[in-house]
Amino acid sequence: MPASIPNATYRFQFHQGFTFQDALALVPYLHDLGISHIYASPIFRAMPGSTHGYDICDHNALNPEIGTREEFDALIAALHERGLGFIADFVPNHMGIAETQNHWWMDVLENGPSSPYAQYFDIDWVPLKRELENKVLLPVLGDQYGRVLERGELRVTFEDGRFWLDYHSLRLPMGPRSTRPLLQRASELLPAPPVELMSILTAVEHLPASTETTPEKIAERIREKEVIRQRLSRLCTETPAVSEAITRALAELHDAEDPSSFDRLDALISNQPYRLSSWKVAAEEINYRRFFDINTLAAIRMELPEVFDATHKLLLELIGGRAVDGVRIDHIDGLANPQEYLRTLQTCAGVALGDPADKYAIYLIVEKILGPGEKLRTDWPAHGTTGYEFTNQVTEVLVDRTAERKFTEAYNRFVGRQLGFHELVYRSKKLVMLVSMASEVNVLGHLLNRLSESHRWYRDFTINSLTAAVRETIACFRVYRTYLVPGNPPTEQDVRVVSRALAEARRRNPALERTVFEFLRDVLLPPEPNQHPVDEALRREFVLKFQQCTGPIAAKGVEDTAFYQYHRLIALNEVGGEPADFGASPETFHRQNAARLAEFPHSMLATSTHDTKRSEDVRARLAALSEMPGEWTQALRRWHTVNRKHLTEVDGESAPDRHEEALLYQTLLGSWPLEPLNDSTRPDYIQRIQQYMGKALHEAKVNSSWIEPNETWDNAVQNFVATILTPGSQNRFLNTFEPLAERLAALGAINSLSQIVLKLTAPGVPDVYQGTELWDLSLVDPDNRRPVDYAFRRDRLGSLSGEIAPRALMDQWRDGRIKMFVVRQLLHFRRDHPEFFTHGDYTPVAVTGSFADCLIAFTRGSVGKNLMVVVPRLSSRVGSPPIGECWGDTAIESPGADRWVDILTGRKLSAATPFPVAQILAEFPVAVLVNG
């Protein structure tokens, strides 16, 4: 195990103006707050103007937009001076390719398969479409290729001895051999072409073709093309007439008065190792693996040792120099073999740190979405996940399970349907596979067809039936992916996942021949002995591609489609969540915590991240909505009635539709500001809600979408939002909305305090997302990536430096200091007493009495000492606030000690048996007690 496990992390989002120097200025604040490690978005060179940093174009350089190496080193020194560490965010799955800054990608576009980096990217050089053989499809055009070309938007330029193809701000390289006609024409325009120019033409003609991929030819091409460039650049400098002739040749190529110029330009472009197309073509014909369906993020083949070595130089240097204390691995499910990658990384980190035998050389967490019942693989050399499962576990335990039937009935009546969430997921995945990721599924279908042709037993299967079987099976997957390793026996978990998906796919498709699914099963899970073996190399390729495909389809189908169509209670619509499960009991929550302690005690605990659909405090409010099903049912019906006049008819339908209304009203309840809106704050809030609803409409893909925006519908929803949120004599909505929003805000604040206490005391490493030490009512990105006002937070933290009366914090709960106070107190306790959290056990505490179901209590024990945590849930049943005598006869079993001190209030308590909750929560709604 590493020498130091983080005590608590603080997540920064670099980019958008936040730099190393800004982080440096905050080190004293974070130390005072009690943080042990800062945990930042990627610091490596990303595409210019990146808003997130996950589009890395050079893994071995720091991003100059967030600072220099000297500034980074100063940040690390300041952290170390105060005993803090740094956790790096690393992206091994893909790279940003939108600009010329990615030299590997530019080399591939210039040289095709003969590029030394051609194998670094996951490119199919022999794709289904023959016209793309030995080419890369570039779906970068805003319109169809021919129209773009004839509008003059594609321009060939010459600079420093090389030719470029420019499309607006996008610059693409041109293969050296392909530009010979331009140099030939330039020579014809010269009365007496220089001998050097004719020699260069000969050299260009004899360059190895981009399809010649032997090591010798690749080396020759690299060497000779650079010599040619230098010679041509020098010739143009020394002989201006040559430069002028090239300029004239290019002018002829772009002569709008000469229709034949389009043909010459088309011929030149068609001779490149890439094929330009409209961005809409990508879904069906793209021939390089992407991150999800984002064309500007190309996957790299991290399973190749040379790719690993080429991308990890700087990271391992920083680890070896003790600048980086831990690593977060982004999108682990995109890799061909995640387990092997993690083993290699830990081994290399051990070498860098001087201990190659340490299997856990560095604190390592993975971004992994766990499906229902799925557990992180215990044979992975990682300390856990980034914490999405805890996000959902803590939300579920705050939701009132008994309200499920009423919420379901209210939702179904309002929207006029009874379609379950799992059915929506199935349909959404199929939609994604037909609309944005059809190419990936078609490739799998053709691979499976080639496999069927490799054995007479399967040759009669048609390509259509095989592709349909692949599509249906992926749609029925309940997890993101399996981890089958060809040549190794499958795990029981993988067998269950595949078998269940195939069984459901067969049940849903009785007209599709049963033996097709049996063939797919035998490809994924070969029987022993296998009486009808197929081509093993091809089978391995299929299995790896299949597994790399199911995750992106799940993410796009569930998180980015179904979550925006299903709005029974949107607190449950969270990354890694299961909206079909309406809440969980305290007993379930205890079991989950105990399992984490046993298996991954240092896994991260998150409640807000840069990727969550809504912030922790919004989610906590909406969890409280589950406690008032009757009021919600009436409010939903009433608000629809009073706002009906603001609906717009679009193609015979009302915009927004009822699904969108249900989402909007819950979003408003969850994000409604704690301070009254006024003329200066209202426009900003309206704009935020409009932006959120615009994204929600496009993600849902029902009335509008990213691919085909329905501007009329989009505008109708934007106008609806603005109208209902603008006060006026005709606005009856706000008068009925604000009272419920006020009540829910108070209940949500109690939930938020319970949530933060649970995060800071449950087994695992708590992560605080930027700014959430105070109330944070952000929605999905980009709303949750807005700049954080740290001057305000420093002032708030400073106000807590003296003696604080808990009652004063309660009375002024809206200013957020009560949350910051809890965060600071518990982080300081964690820092001063790590033994409770790094090695302490976890024991649920029994609760009795009238409100036994409204309390969560447990202890963390260490060497004869106990920490006892007591927080409320479903507090509307108890009282608002749930403090003191309102708890009645509710009590907990005293865990043995007689004397306790409340870390939050400083109160000293003598325990009775049983221990009355009214005594424990006499002054404050949450308690963390230490015996002594």
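Numbers here are sequence positions counted from 1.
- In this structure, Lys135 does not pair ionically with Asp124, as no charged nitrogen and carboxylate oxygen lie closer than 4.0 Å.
- Put simply, the side chain of Gln21 never gets that close to the backbone of Gly67: no donor and acceptor are under 3.5 Å apart.
- Checked against salt bridge (Lys or Arg N to Asp or Glu O under 4.0 Å), Glu317 has the following partners two or more places apart in sequence or in another chain: Arg69.
- Remark: Asp166 engages Arg171 in a salt bridge, criterion side-chain N to carboxylate O under 4.0 Å.
- Side chains of Leu335 and Pro92 form a contact here, defined as non-hydrogen atoms less than 4.5 Å apart.
- Classification of Arg785 and Asp783 as a salt-bridged pair fails, no side-chain N sitting under 4.0 Å from a carboxylate O.
- With no hydrogens or angles considered, a side-chain donor-acceptor pair links Tyr54 and Asp89 at under 3.5 Å.
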Considering only distance and modelled atom types, tabulate donor-acceptor pairs under 3.5 Å from the side chains of residues 273-283, sequence neighbours left out.
{"residue": "Tyr274", "atom": "OH", "partner": "Pro173", "partner atom": "O", "Å": "2.7"}
{"residue": "Ser278", "atom": "OG", "partner": "Lys280", "partner atom": "N", "Å": "3.2"}
{"residue": "Lys280", "atom": "NZ", "partner": "Glu708", "partner atom": "OE2", "Å": "3.0"}

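- Applying the salt bridge (Lys or Arg N to Asp or Glu O under 4.0 Å) test to every pair with at least one member in residues 42-57, sequence neighbours left out, gives no pairs at all.
- For the side chain to side chain contact (heavy atoms under 4.5 Å, CB included) test, residues two or more places apart in sequence or in another chain that qualify with Ser233 are Asp160.
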Under 3.5 Å, sequence neighbours excluded: what are the donor-acceptor pairs made by side chains of residues 140-147?
{"residue": "Asp143", "atom": "OD2", "partner": "Arg151", "partner atom": "NH1", "Å": "3.2"}
{"residue": "Asp143", "atom": "OD2", "partner": "Arg151", "partner atom": "NH2", "Å": "3.4"}
{"residue": "Tyr145", "atom": "OH", "partner": "Asp266", "partner atom": "OD1", "Å": "2.7"}

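- Residues meeting the salt bridge (Lys or Arg N to Asp or Glu O under 4.0 Å) test with Asp309, sequence neighbours left out: none.
- Looking only at side-chain heavy atoms (C-beta outward), Met604 and Tyr388 stay at 4.5 Å or farther from each other.
- Proximity of Leu448 to Arg539: side-chain heavy atoms (C-beta onward) are nowhere separated by under 4.5 Å.
- No donor-acceptor pair under 3.5 Å is formed between the side chain of His254 and the backbone N or O of Leu265.
- For Glu133, the salt bridge (Lys or Arg N to Asp or Glu O under 4.0 Å) criterion is met by no residue, not counting sequence neighbours.
- For His698 and Tyr564, the ring centers sit 6.0 Å or farther from each other.
- When all heavy atoms are compared, the tightest approach of Met106 to Glu99 is CE-O, 3.8 Å.
- Side-chain atoms of Glu699 and Lys695, non-hydrogen and from C-beta on, do get closer than 4.5 Å to each other.
- Checking Arg786 against Ser778 by side-chain atom types alone, a donor-acceptor pair falls below 3.5 Å.
- For the residue pair Tyr769 and Asn784, no side-chain donor N or O sits within less than 3.5 Å of a side-chain acceptor on the partner.
- With hydrogens and angles left out, the side-chain atoms of Asn442 and Ser439 include no donor and acceptor closer than 3.5 Å.
- The six-membered or imidazole ring of Tyr117 lies away from that of His103, with a centre-to-centre distance of 6.0 Å or more.
- By the 4.5 Å heavy-atom criterion applied to side chains, Tyr39 and Asp767 are counted as neighbours.
- Between Asp781 and His52, the side chains place no donor N or O within less than 3.5 Å of an acceptor N or O (distance only, hydrogens not considered).
- Residue pairs meeting the salt bridge (Lys or Arg N to Asp or Glu O under 4.0 Å) criterion with at least one member in residues 111-123, sequence neighbours excluded, are Asp122-Arg289, Asp122-Lys545.
- With 3.5 Å as the limit, one finds no donor-acceptor pair spanning the side chains of Thr385 and Lys368.
- For Phe86, the ring pair (Phe, Tyr, Trp, His ring centres under 6.0 Å) criterion is met by Phe72, not counting sequence neighbours.
- Listed by chain and residue number, Gln770, Tyr790, Arg793 satisfy the side chain to side chain contact (heavy atoms under 4.5 Å, CB included) test with Val788 (two or more places apart in sequence, or in another chain).
- Residues Ala475 and Lys430 share a closest heavy-atom pair of CB-CG, 3.8 Å.
- For Glu303, the salt bridge (Lys or Arg N to Asp or Glu O under 4.0 Å) partners at least two apart in sequence or on another chain are Arg301.
- Looking only at atom types and distance, the side chain of Lys129 has no donor-acceptor partner in the side chain of Asn287 under 3.5 Å away.
- For the pair Ile332/Pro338, a side-chain contact is recorded, criterion being any heavy-atom separation below 4.5 Å from C-beta on.
- Residues Glu212 and Ser114 have side chains that never bring a donor and an acceptor to within less than 3.5 angstrom of each other.
- Between the side chain of Ser210 and the backbone N or O of Gly112, no donor-acceptor pair lies under 3.5 Å.
- Lys225 and Asp107 are joined by a salt bridge, as a carboxylate oxygen and a charged side-chain nitrogen come within less than 4.0 angstrom of each other.
- Listed by chain and residue number, Phe291, Phe292 satisfy the ring pair (Phe, Tyr, Trp, His ring centres under 6.0 Å) test with His331 (two or more places apart in sequence, or in another chain).
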